[in-house]
**Student:** 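What follows is a structure written as structure tokens; I'll ask about it next.
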Amino acid sequence: MTGIRDVLTLSGHIGYRPAWECERCGEPWPCPTVRAIPGQRLDPAALIPVMSFLLRGAIRDLRGRPEGPEPPEIVQRFLWFMPLTDSEARAVARRLR
């Protein structure tokens, strides 16, 4: 199983605040390269705390930007490895604002 540190170290696809774009490919982070890692290679128990921590900052940085993603979209983007419904993503976003 792979944790987020392994993913970032191996791929070099790292996102930075405040734009949350991938340093390597310029796509919104976590970028398609990171999200394409097969689920069976990921360790959700290791990813959830790290991605939740990053998610809080991403919501603060990205919400309200012109043409930017809404908080539930940011939740689904950062927790791509979890099957969240739209209402679940909205609930998570409300808790992290």
Side-chain angles (χ1 to χ4, degrees):
M1 295 258 179
T2 305
I4 193 68
R5 285 193 181 118
D6 298 325
V7 168
L8 299 178
T9 301
L10 293 172
S11 71
H13 289 262
I14 301 169
Y16 289 101
R17 295 180 81 168
W20 293 100
E21 293 174 350
C22 178
E23 183 179 77
R24 182 174 233 175
C25 67
E27 294 289 324
W29 193 88
C31 66
T33 300
V34 172
R35 291 191 313 263
I37 296 169
Q40 66 271 20
R41 289 192 49 214
L42 298 173
D43 181 3
L47 284 173
I48 289 170
V50 173
M51 296 308 283
S52 295
F53 174 76
L54 296 173
L55 178 56
R56 183 178 294 255
I59 288 172
R60 288 183 184 143
D61 291 341
L62 297 173
R63 84 171 162 207
R65 285 186 170 198
E67 299 180 30
E70 293 296 319
E73 295 170 296
I74 300 166
V75 169
Q76 290 179 320
R77 180 171 131 188
F78 275 69
L79 300 178
W80 82 95
F81 55 92
M82 296 178 65
L84 295 173
T85 65
D86 290 343
S87 57
E88 290 169 332
R90 277 192 302 279
V92 170
R94 278 193 299 271
R95 290 187 63 83
L96 294 177
R97 288 185 187 187

**Student:** If every non-hydrogen atom of His13 is compared with every non-hydrogen atom of Arg24, which pair is closest and at what distance?
**Tutor:**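 The answer is NE2-CD, 3.2 Å.
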**Student:** Quick one: does Trp29's side chain get under 4.5 Å of Leu54's, heavy atoms only?
**Tutor:**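 In short, these two side chains touch, coming nearer than 4.5 Å.
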**Student:** Can you see which heavy atom on Ile74 is nearest to which on Ala58, and at what distance?
**Tutor:**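 Smallest heavy-atom distance, with atoms named: CG2-CB, 3.9 Å.
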**Student:** How far apart are the closest heavy atoms of Pro49 and Ala45, and which atoms are they?
**Tutor:**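 Closest approach of Pro49 to Ala45, heavy atoms only: CD-O, 3.3 Å.
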**Student:** Show the nearest heavy-atom pair for residues Pro28 and Arg35, with the distance to one decimal.
**Tutor:**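 For Pro28 versus Arg35, the nearest heavy atoms are O-NH1, 3.9 Å.
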**Student:** Enumerate the residue pairs fulfilling side-chain hydrogen bond (donor to acceptor under 3.5 Å, both in side chains) with a member in residues 58-69, sequence neighbours excluded, ordered by first and then second residue.
**Tutor:**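 Output for this query lists Arg17-Asp61, Trp20-Asp61.
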**Student:** Hey, are the side chains of Val75 and Ile59 touching, using non-hydrogen atoms and a 4.5 Å cut-off?
**Tutor:**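 They are in contact (side-chain heavy atoms under 4.5 Å apart), so the answer is yes.
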**Student:** So, do Trp80 and Leu42 sit near enough that their side-chain heavy atoms are less than 4.5 Å apart?
**Tutor:**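 Side chain of Trp80 against side chain of Leu42, heavy atoms only: contact under 4.5 Å found.
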**Student:** Could you tell me which residues satisfy side chain to side chain donor-acceptor pair (under 3.5 Å) with Arg56, sequence neighbours excluded, listed by chain and number?
**Tutor:**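 Arg56 satisfies side chain to side chain donor-acceptor pair (under 3.5 Å) with no other residue.
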**Student:** Could I get the full list of side chain to side chain donor-acceptor pair (under 3.5 Å) partners for Thr85, not counting sequence neighbours?
**Tutor:**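 Side chain to side chain donor-acceptor pair (under 3.5 Å) list for Thr85, sorted by chain: Ser87, Glu88.
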**Student:** Could you work out, with side chain to side chain contact (heavy atoms under 4.5 Å, CB included) as the rule, every residue matching Glu23, not counting sequence neighbours?
**Tutor:**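 Listed in chain order: Tyr16.
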**Student:** Hey, are the side chains of Phe81 and Ile37 touching, using non-hydrogen atoms and a 4.5 Å cut-off?
**Tutor:**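 No - every pair of side-chain heavy atoms lies 4.5 Å or more apart.
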**Student:** To the nearest 0.5 Å, what is the distance between CD (Gln76) and CG (Leu55)?
**Tutor:**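 Gln76 CD to Leu55 CG: 11.0 Å, rounded to 0.5 Å.
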**Student:** Where is the tightest heavy-atom contact between Ala89 and Pro72, given as atom of each residue plus distance?
**Tutor:**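 Taking every non-hydrogen atom into account, CB-O, 3.7 Å.
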**Student:** For a 4.5 angstrom cut-off between non-hydrogen side-chain atoms, does Met82 reach Pro44?
**Tutor:**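 No - every pair of side-chain heavy atoms lies 4.5 Å or more apart.
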